[in-house]
Amino acid sequence: MSESLPKLRVERAWLRMVELPLVSPFTTSFGTQTVRRALLVEVEGDGISGIGECAAGIEPGYSSETSAGALSVLRDYILPSVLGQPPADVTGQASRWEWVRGHNMAKAAAEMALLDQAGRGAKRSLANILGGVRSRIGCGVSIGIQPSLAATLTAIEGYLAEGYQRIKLKCKPGYDVELARAVRQRFPGTPIMLDANSAYSLTDLEQLRALDEFDLMMIEQPLAHDDLIDHAALQSQIETSICLDESVESKADLRAAIALHSGRILNVKAGRLGGLLPSVQIHDTCGEAGWPVWCGGMLETGIGRAANLALASLPGFTLPGDTSASSRYFERDLLQQPFELSSDGTMPVPTGPGLGIKVDKERLQNTTVHLEELGPG
Ligand code: OSB
Ligand code: MG
């Protein structure tokens with residue numbers, strides 16, 4: 001953040017729950033999602049508005065947070081900490097809810113809205129505010145567990161034809177070695193990685209070691225969601241690089257992971273890490289440690305997607321992320337212009353002020369299942 005951001009007020013806020021059906025069910029080792037229920041935070045102050053999306057899903061299967069829980073914490077604690085307070089820049093506003101323990105995704109949603117507001121006020125794009133250096137982002141796609149190997153191969157074929165630069169496959173015990181073998185046989189040179197979402201333990205060492213022969217880019221979060229010690233033990237016994245997701249929720253977690261050699265790569269999700277500004281610092285720390293990073297996703301609508309693209313424009317994001325096009329998730333996104341993948345597998349970083357998007361008001365209204373307004377005090 002080279003220049004300072006404007007000091008603004010938060011006079012009013014809205015919490016809005018939207019529901020968008022997914023184009024296809026998304027199955028991971030922790031469950032199946034058929035709809036994206038997204039909590040949106042809208043703020044207004046000094047005549048400038050901003051919007052943010054909370055990463056939390058419906059159920060607490062990925063992390064402890066849920067969209068309903070985030071709504072209650074934002075309504076009762078996070079937004080009241082900033083509503084009606086004297087003007088402050090985004091860092092100053094965020095420091096007002098620092099006393100709240102945990103609830104990173106709820107905080108990150110509020111911070112995204114304030115960054116959008118500040119960016120609009122300063123006529124600066126979010127990428128510019130965060131220190132982005134790239135105008136286009138290399139994109140991968142995350143494919144859920146499919147009903148069959150054949151269905152997986154067909155799905156991969158389709159996404160590769162669209163141009164995606166790397167394929168991430170969700171896996172789980174029993175749906176791993178054969179999966180990797182079949183996919184590697186059919187797509188010998190394609191960048192491929194697996195994501196286990198914490199489905200394994202060290203007793204599965206043999207299966208995890210068997211994956212070494214398939215030249216995977218990495219395996220994401222094989223072990224427990226809160227573990228760093230076993231990941232370090234595993235990393236010392238397999239060749240495939242471990243990428244951490246669930247296990248790193250803070251700078252302290254990252255420091256421990258680096259010190260313990262719990263992995264070699266980090267999936268950066270601003271929601272999991274408590275905001276975009278903390279994510280920039282975590283990106284910097286990874287750079288110092290020689291850990292490449294990439295931008296993860298939480299099936300966000302175009303609102304959260306815009307923030308992900310801005311974050312992914314930072315220099316350390318050297319690997320294609322889960323920043324996929326709107327059409328990979330939804331028949332119709334919440335934006336006037338959906339995010340589209342170019343045939344070279346890249347997407348443009350938004351350049352307009354703040355998130356740089358235009359929300360489709362009618363679509364927003366039609367997908368809203370809950371809306372409440374918060375005033376000062
Ligand atoms: O583990 O990265 C994950 C989606 C929801 C919850 C957790 C994860 C994911 C994804 C999809 O992998 C990423 C995306 O395309 O948004
Ligand atoms: Mg993951």
Side-chain angles (χ1 to χ4, degrees), residues 20 22-39 53-67 70 104-105 108 137-146 155-156 159 162 164-172 192-200 216-227 231 241-249 263 265-273 279 293-309 311-312 319-330 333 338-339 341 345 347:
L20 283 79
L22 295 171
V23 288
S24 56
F26 187 70
T27 299
T28 65
S29 62
F30 63 83
T32 296
Q33 282 170 265
T34 56
V35 62
R36 165 71 180 151
R37 182 194 290 169
L39 173 64
E53 175 173 347
C54 181
I58 297 174
E59 296 178 336
Y62 165 78
S63 76
S64 61
E65 291 189 84
T66 63
S67 48
N104 283 1
M105 294 180 181
I137 301 305
C139 299
V141 62
S142 172
I143 303 179
I145 294 170
Q146 302 293 311
I156 296 173
Y159 288 123
E162 286 185 51
Y164 285 104
Q165 297 181 357
R166 74 98 169 95
I167 301 291
K168 164 168 139 181
L169 299 167
K170 295 290 186 178
C171 70
K172 62 179 181 184
I192 296 193
M193 59 171 291
L194 300 181
D195 184 359
N197 288 109
S198 306
Y200 295 86
L216 302 173
M217 293 175 82
M218 67 193 90
I219 180 163
E220 185 177 342
Q221 195 69 33
L223 306 180
H225 69 96
D226 55 356
D227 167 80
H231 277 97
S241 289
I242 292 176
C243 169
L244 294 176
D245 179 0
E246 284 89 329
S247 286
V248 175
E249 295 189 335
I265 301 168
L266 186 69
N267 170 340
V268 174
K269 292 178 183 169
R272 194 189 76 233
L273 298 167
S279 296
V293 303
W294 53 276
C295 185
M298 293 292 290
L299 310 177
E300 289 93 342
T301 75
I303 295 167
R305 196 155 303 288
N308 288 344
L309 289 166
L311 183 61
L319 298 165
D322 286 344
T323 46
S324 312
S326 296
S327 63
R328 181 259 169 271
Y329 308 94
F330 314 109
D333 206 334
F339 283 112
L341 190 78
M347 284 206 290

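In listed order, ligands and their atoms are each counted from 1.
Residue-ligand proximity, Asp245 to ligand 1, at heavy-atom distances under 4.0 Å covers atoms 1 (O), 2 (O), 3 (C). Heavy-atom contacts of Glu220 reach the following atoms of ligand 1: 2 (O) (cutoff under 4.0 Å). Each of the following atoms of ligand 1 lies closer than 4.0 Å to a heavy atom of Lys170: 1 (O), 2 (O), 3 (C), 8 (C), 9 (C), 10 (C), 12 (O). Contact atoms of ligand 1 toward Asp195: 1 (O), 2 (O), 3 (C) (distance under 4.0 Å to a heavy atom of the residue).
Note: His225 NE2 to Ser63 OG = 9.5 Å, rounded to the nearest 0.5 Å. Atoms CG and CE, on Leu244 and Met218 in that order, are 11.5 Å from each other to the nearest 0.5 Å. Atom-to-atom distance recorded for Leu216:CG and Ile167:CD1 is 13.0 Å, nearest 0.5 angstrom. A distance of 8.0 Å separates CG of Asp245 from CG of Leu266, quoted to the nearest 0.5 Å.
With contacts defined as side-chain heavy-atom distances shorter than 4.5 Å, the pair Ile219/Ile242 qualifies.
When each of Gln33, Lys269, Glu246 is paired with Tyr62, the side chain to side chain donor-acceptor pair (under 3.5 Å) condition holds for Lys269 and for no other.
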Test side-chain contact (heavy atoms from CB on, under 4.5 Å) on Phe30 and Glu59; report intermediate values, then the result. CA-CA 10 Å; Phe30 63 83; Glu59 296 178 336; over 6 Å; no
Stepwise, does the side-chain contact (heavy atoms from CB on, under 4.5 Å) test hold for Phe330 with Leu22? CA-CA 5 Å; Phe330 314 109; Leu22 295 171; 3.8 Å; yes
Would Gln221 and Ser247 count as a side-chain hydrogen bond (donor to acceptor under 3.5 Å, both in side chains) here? Give the steps. CA-CA 7 Å; Gln221 195 69 33; Ser247 286; 2.9 Å; yes
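Closest to atom 16 (O) of ligand 1, if we only count protein heavy atoms, is Leu299 N, 2.8 Å. The nearest heavy-atom contact from the protein to atom 4 (C) of ligand 1 is Phe26 CE2, 3.6 Å. In this structure, the protein non-hydrogen atom closest to atom 13 (C) of ligand 1 is Gly297 O, 3.3 Å. Here the heavy atom of the protein found nearest to atom 6 (C) of ligand 1 is Met298 SD, 3.5 Å. Annotation: atom 15 (O) of ligand 1 to nearest protein heavy atom, Tyr329 OH, 2.6 Å.
Take the Mg ion (ligand 2) as the corner point: the lines to OE2 of Glu220 and to OD2 of Asp245 open at 90°, to the nearest 10 degrees.
A salt bridge links Arg166 with Asp322; the closest basic N to acidic carboxylate O contact falls under 4.0 Å.
Contact annotation: for Lys168 versus ligand 1, heavy atoms closer than 4.0 Å belong to the side chain alone.
Where the criterion is an N or O separation shorter than 3.5 Å, residue side chain and backbone included, Ser142 meets it with respect to ligand 1. Residue contacts with ligand 1: Glu246 is placed with no nitrogen or oxygen under 3.5 Å of a nitrogen or oxygen of the ligand (distance criterion only). The shortest N/O to N/O separation between Tyr62 and ligand 1 does not fall below 3.5 Å. Considering backbone and side-chain N/O atoms, Lys269 comes within less than 3.5 Å of an N/O atom of ligand 1.
For atom 1 (O) of ligand 1, the choice among Asn197, Thr28, Thr323, Val141 with the nearest heavy atom turns out to be Asn197.
Nearest heavy atoms, Thr66 versus Ala56: C-CB, 3.5 Å.
When distances from the Mg ion (ligand 2) to the N, O or S atoms of Asp195 are compared, OD2 comes out shortest.
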